[in-house]
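Worth knowing before you read on, the calculation uses all heavy atoms, side chains too, and leaves out hydrogens, waters and symmetry mates. Counting begins at 1 with the first residue of the sequence. In this text the structure is predicted, and so the values were computed from the model without any measurement.
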Amino acid sequence: MPRFKDFRPAGVIPATLLALNEDMSIDERQTRKHLRDCALVDGVSAVTVNGHASEVHACSFDEQRHILAASLAEIGDTMPLINGIYADGSIEAARLAAMAAKEGASALLVFPPNSMAMGGQLRPEMAITHYRRIADATDLPIIAFQYPMASGLGYTFETLLQLFEAVPTIRAIKDWSNDAMLHEKHIRTFQNLPKPVNVLTTHSSWLMASLTLGANGLLSGSGSVIADLQVALFRAVQAGDLKAAQAVNDRIVPLSQAFYAPPFLDMHNRMKEALVLLGRLDKAVVRPPLVKIGEAEIARIKRALDQSGIAREGALQRAA
């Protein structure tokens, strides 16, 4: 059974990183510490593991199970834990989903299968079949990860509506459509359905603009570093306090520009380096094909941290 029954994904949800040893094995002690750092931030509603941020692409089934079990042991009684479902095949995705439910996850974040990149958008029944396989394996609430249409892995607006009808356990989407007009259409439509589906923005490089459109939450890898600022921004937007939101956003921008610069795939690599600079992580080891970034880029991240006023203990202590 899930630790938090009837959990509905909303609010501020950091996607956490995975600490690794020099030999690229999992550093469980540091990973647990990082999870607790994120979970203890006032206003965080849930934490995600086994997502992009934790290099799930490079983790085996057994490693993903170990990460989830260790995460639940560390913070599972404190707040809901969302587990990523990253697999190119639907049978394997269902196996991961069943494992997550058995371990005690509260929800699933389902990635689009890379196997659908070559025209899968033209066959919505493929997406429906994939999600039905997962839903047949568990009744945990599902967050559907929406990619940009240009990636070949995004679902059309009509396909998403079909998915919600066919798989009622889909309770939210993680919206990375990267299209402001479509993003607003998602928010206005999905959150007002007879059975509402929350929109969790992951447009972390333009987070304030996205939140002001009315998203009911955010799910972001940069929350691994600045969860407190994301909470402050979300609260200010929810309260309609534009000046407060702008003030928080001014502090977020230097880091979003540093984290999400080209090449985009280095974003979580950079976040690890930021945590090392802050003294929250001992080392920034990544698994190939990712490789460590250079000293000049690390220096740019250090400048961005200074500009944003981020300290080891967080950002809000310096907000005044």
Ion pair check, [X] and [Y], cut-off under 4.0 Å:
X: D62; Y: R65; value: yes
X: K302; Y: E273; value: no
X: D42; Y: R235; value: yes
X: E63; Y: R287; value: yes
X: R132; Y: D136; value: no
X: D27; Y: R32; value: no

Count the heavy atoms of every other residue, nucleotide or ligand shown that sit under 6.0 Å from [atom1] of [X], and state whether that count exceeds 12.
X: K33; atom1: NZ; answer: yes
X: N21; atom1: CG; answer: yes
X: L265; atom1: CG; answer: yes
X: R36; atom1: CZ; answer: yes
X: R8; atom1: CZ; answer: yes

Over all atoms of both residues, closest heavy-atom pair of [X] and [Y]:
X: A311; Y: R280; answer: O-NH2, 2.9 Å
X: P141; Y: F7; answer: CG-O, 3.5 Å
X: Q230; Y: S222; answer: NE2-OG, 3.0 Å
X: L20; Y: K283; answer: O-CE, 3.5 Å
X: A232; Y: V248; answer: CB-CG2, 4.0 Å
X: V197; Y: I173; answer: CG1-N, 4.0 Å

[X]-[Y] aromatic ring centre distance below 6.0 Å:
X: F259; Y: H268; value: no
X: F145; Y: Y86; value: no
X: W176; Y: Y155; value: no

Q | Heavy-atom donor-acceptor pair, T138 side chain to A98 backbone, under 3.5 Å | A | no
Q) Ignoring hydrogens and geometry, is there a side-chain-to-backbone donor-acceptor pair from N198 to P9 under 3.5 Å? A) yes
Would a 4.5 Å heavy-atom cut-off, applied to side chains only, mark [X] and [Y] as touching?
X: I67; Y: L18; value: yes
X: N83; Y: L109; value: no
X: M116; Y: L122; value: no
X: N114; Y: L153; value: yes
X: P254; Y: S308; value: yes

Q | Steps toward side-chain hydrogen bond (donor to acceptor under 3.5 Å, both in side chains) verdict (Q121, T156) | A | CA-CA 7 Å; Q121 292 167 342; T156 67; over 6 Å; no
Q | Pair L218-L200, side-chain contact (heavy atoms from CB on, under 4.5 Å): steps then yes or no | A | CA-CA 4 Å; L218 63 113; L200 309 175; 5.8 Å; no
(Q) side-chain contact (heavy atoms from CB on, under 4.5 Å) for K272 and E55? Distances and angles first, verdict last. (A) CA-CA 11 Å; K272 279 190 179 181; E55 298 172 57; 2.6 Å; yes
Without hydrogens or angle criteria, can the side chains of [X] and [Y] be said to hold a donor-acceptor pair below 3.5 Å?
X: S25; Y: D23; answer: yes
X: S177; Y: D179; answer: no
X: E28; Y: H66; answer: yes
X: S210; Y: H183; answer: yes
X: H130; Y: S90; answer: yes
X: S220; Y: S204; answer: yes

**Q.** Cation-aromatic face contact K195/F164, 6.0 Å, 45 degrees
**A.** no
Q: If the plane angle is over 60° it's perpendicular, under 30° parallel, otherwise tilted; pick one for F264 and Y260.
A: tilted
Q) Roughly how far, to the nearest 0.5 Å, is the CG atom of L233 from the CG atom of D250? A) 10.5 Å
Q. Which value, rounded to the nearest 0.5 Å, describes the distance between T202 atom OG1 and D175 atom CG?
A. 9.0 Å
